[in-house]
Each structure stands twice: as structure tokens, then as C-alpha cells.
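Everything on this sheet refers to the single structure shown next.
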Amino acid sequence: MSQPRQSRALVIVNTDFCGSDGDIVLGTRRGARREAEQLSKTLSRLNYQVELMHNKTAKEIEELYQQECGREHGDYFVSIISSHGEQGVIFGCDSEPVKLTRVFQILSSKECPVLTKIPKIFFIQACRGGEFDQGVVVECDSGEPEPDGFSDYLSIPPQTAVMFACSPGYVAFLNVFGSMFLQALLKALEGEERHLALNRLMTRINWEVAFRCQARGTYQGCKEMPCFVTNLLQEVFPFSA
């Protein structure tokens, strides 16, 4: 019996940041690299060809997605981004921003025809603002909206699902043991939840982070609420062996 085609996964994790003059601009993200390595190993066991990239500049991040236009992808393309961020952007290790709208544009049918019919799935571990969720009941799109707050949603091409670690305007937590969001994803991929349809899997991750995770130390008791948006046209089971 022939083996199923391997799907592709691109994992980008930035942990150390500096400006053009070499000065440290953004804090070191301790725990992020180990977490990304764990996710990469788990995806490999789930029949993904994984490319793990560490400390890439804004320009290099764009180039990595442009290179996907010449790759073989199997049935799915999964990308995990772990970095500092703000609303609508993630930062390269040079502290320069990469607009998520640009990433999605690169993988659109117009610029990347090879991925037109292949489901594209993103998990983004990055802050989307500076507010702290104190644990009150809020909607996923809560917070003071930015003028272009939905631009990264509207730019998501068909056959794409994106899951964010937190709601717009809020911070995403990370410590030396990893992040609330990606640890919940890792737990799901290593458990029976991996057999669920993607929308149900993401809902389980929402519940896990919202009800079982909270910050400690300086931000004791603060919470986090992931959210996702999907333009997929059918149910998909990207992690079911």
C-alpha cells in the first residue's frame, strides 16, 4: 500500500530581536524556540514535511512564503508563526513589521496558483495590541477597534483558515515553558482531538485556553481568548492520521 502524500508545514519562530543599529528593541522570547521544535516534531509524525525557520528578518519572512509557490504541498499547507506582533502585523528579528495582509496576498490564487485548491491553515502566536484581558466575558472581536481592524480578515484568501492566539487589541502570553495558545495546539495535536474537523479542533483550543489557562507572576490572573476566521469551503481533517 502506498503512503499518502506528505503535506507541508512552515514554522517560523523569532526569539531574539534587534534594530538596524544592533540595539535590542523587543524583548527576548524565552521558551518559544523549544515550543516550535516540539510542534515541528509532532507535525512530522502527522505526515508533514516540516521546515522550521528561526530568527528571520521581515524581508526573509516574505521570501519564505514566496518560495512556497514553487513547492509540492500534498493535501494541506500549515504555517505556524511565533513572534512579537501588533494588530495586523508580526515582527521580523530585525524588529521590522510584516503585514499579515501581505502574507495572505503572497499565497493568494493570483500570486501562488499552486495553492489555489489546497487548504491553507495558519496558527499565529503574537500580540495584537497592548491590552490585558482580566478574565471578564467578552466577544472574540472585543476591544477598541482600529481603523483597519478587519483588514487582515478581509484579505484572507479562499481556502484559508487563520487562528490567532488572542483577540484584537490584546496581548498573547508566553513564558519559559511556552505560550498558552501553542501549548493548547500541541496538546490537541498529540491527543485524540487531532482527528476532529479543523473548525471543531480550533473551537476545542479556544475552550482550552479560555478556561484552563491564565497568566502567573506579574500578570497573575490575566486571561487570553484565541479566535479564528475561516474561508474554507468544506470540512477538512488536516491532522487525522
Side-chain angles (χ1 to χ4, degrees), residues 12-15 17 19 25-32 35-36 58 61-62 79-105 120-157 160-175 178-185 199 201-231:
I12 301 172
V13 53
N14 286 341
T15 57
F17 300 80
V25 178
L26 299 169
T28 301
R29 302 180 65 249
R30 297 172 62 199
E35 181 175 69
I61 290 171
E62 288 196 21
S79 187
I80 299 173
I81 304 173
S82 178
S83 188
H84 282 302
E86 293 178 353
Q87 178 62 37
V89 305
I90 54 97
F91 289 100
C93 66
D94 54 354
S95 301
E96 292 296 319
V98 179
K99 289 186 176 181
L100 292 174
T101 53
R102 177 55 187 151
V103 172
F104 301 144
Q105 182 184 39
K120 298 166 281 292
I121 304 159
F122 288 84
F123 297 94
I124 301 177
Q125 166 61 36
C127 292
R128 304 178 72 191
E131 294 187 56
F132 291 90
D133 189 338
Q134 300 299 327
V136 296
V137 178
V138 295
E139 298 294 330
C140 285
D141 57 357
S142 63
E144 190 67 25
E146 298 290 336
D148 61 346
F150 290 99
S151 61
D152 48 330
Y153 290 167
L154 297 175
S155 65
I156 294 172
T160 302
V162 183
M163 189 168 196
F164 298 91
C166 55
S167 302
Y170 287 89
V171 301
F173 289 102
L174 171 76
N175 60 36
S179 64
M180 294 181 183
F181 174 56
L182 292 185
Q183 286 299 308
L185 171 62
N199 62 325
L201 175 70
M202 289 179 164
T203 302
R204 292 286 183 93
I205 294 171
N206 274 358
W207 187 92
E208 179 75 19
V209 176
F211 288 99
R212 291 193 172 178
C213 301
Q214 69 177 26
R216 300 179 180 178
T218 304
Y219 306 108
Q220 178 71 37
C222 286
K223 304 288 286 183
E224 187 173 300
M225 184 66 242
C227 56
F228 63 89
V229 60
T230 174
N231 282 342

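Basis for what follows: all heavy atoms, side chains included, without hydrogens, waters or symmetry-related copies. This structure is a prediction, so every number in the text was calculated from the model and none was measured.
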Legend entry - Side-chain donor/acceptor of E224 to backbone N/O of M180, under 3.5 Å: no
Legend entry - Which atom of A126 lies closest to which atom of A165, heavy atoms considered: N-CB, 4.3 Å
Legend entry - Minimal non-hydrogen separation, R128 against C227, with atom names: NH1-SG, 3.5 Å
Inset, instruction - Ignoring hydrogens and angles, tell me if any N or O in the side chain of H84 forms a donor-acceptor pair with the backbone of C127 under 3.5 Å. - result: no
Inset, instruction - Start with the C-alpha distance between V103 and E62, add both sets of side-chain angles, then the distance that settles side chain to side chain contact (heavy atoms under 4.5 Å, CB included), and finish with yes or no. - result: CA-CA 7 Å; V103 172; E62 288 196 21; 5.7 Å; no
Inset, instruction - Please report the shortest heavy-atom distance between F17 and G92, naming the atom on each side. - result: CD2-O, 3.2 Å
Inset, instruction - For E86, look at atom CD and say whether over 12 heavy atoms of other residues, nucleotides or ligands are found less than 6.0 Å away. - result: no
Inset, instruction - Can you measure from CG (L201) to CZ (F228) and round to the nearest 0.5 angstrom? - result: 9.0 Å
Inset, instruction - Tell me, with the steps shown, if L182 and I80 meet side chain to side chain contact (heavy atoms under 4.5 Å, CB included). - result: CA-CA 9 Å; L182 292 185; I80 299 173; 4.1 Å; yes
Inset, instruction - Run the ring-centre check on F104 versus F122 and record whether the distance is less than 6.0 Å. - result: yes
Inset, instruction - Before giving the answer on side chain to side chain contact (heavy atoms under 4.5 Å, CB included), spell out for F123 and M202 the whole-Å C-alpha distance, their side-chain angles and the decisive distance to 0.1 Å. - result: CA-CA 10 Å; F123 297 94; M202 289 179 164; 4.0 Å; yes
Inset, instruction - Quick one: pull up CG in L174 and CD in Q183 and give me the separation to the nearest 0.5 Å. - result: 9.5 Å
Legend entry - Candidate pair T230 and T160, rule side chain to side chain contact (heavy atoms under 4.5 Å, CB included), full reasoning: CA-CA 6 Å; T230 174; T160 302; over 6 Å; no
Legend entry - Interatomic spacing from OH in Y170 to CD in Q87 - rounded to 0.5 Å: 12.0 Å
Inset, instruction - Could you tell me whether the side chain of N14 reaches within less than 4.5 Å of the side chain of F91, counting heavy atoms only? - result: no
Inset, instruction - Return yes if some donor-acceptor pair links the side-chain N/O of S167 with the main-chain N/O of M225 below 3.5 Å, else return no. - result: yes
Legend entry - Audit row: S82, R29, side-chain hydrogen bond (donor to acceptor under 3.5 Å, both in side chains) steps and yes/no: CA-CA 9 Å; S82 178; R29 302 180 65 249; 2.9 Å; yes
Inset, instruction - Run through C166, S179, P226 and flag the one making a side-chain contact (heavy atoms from CB on, under 4.5 Å) with Q125. - result: S179
Inset, instruction - Compare all side-chain heavy atoms of I61 with those of I90 and state whether any distance is below 4.5 angstrom. - result: yes
Inset, instruction - Please report the shortest heavy-atom distance between V13 and A32, naming the atom on each side. - result: CG2-O, 3.7 Å
Legend entry - Main-chain N/O of A58 paired with D94 side-chain donor or acceptor, under 3.5 Å: yes
Legend entry - Nearest atoms (heavy-atom pairs only) where G129 meets V171: O-CG1, 3.4 Å
Inset, instruction - Measure the spacing between CG of L100 and CD1 of I81 and express it to the nearest 0.5 Å. - result: 6.0 Å
Inset, instruction - Indicate yes or no: at least one non-hydrogen side-chain atom of V89 is less than 4.5 angstrom from one of V98. - result: no
Inset, instruction - Could you tell me whether a side-chain N or O of N231 sits under 3.5 Å from a main-chain N or O of I156, the two making a donor and an acceptor? - result: yes
Legend entry - Interatomic spacing from CZ in R30 to CD in E35 - rounded to 0.5 Å: 14.0 Å
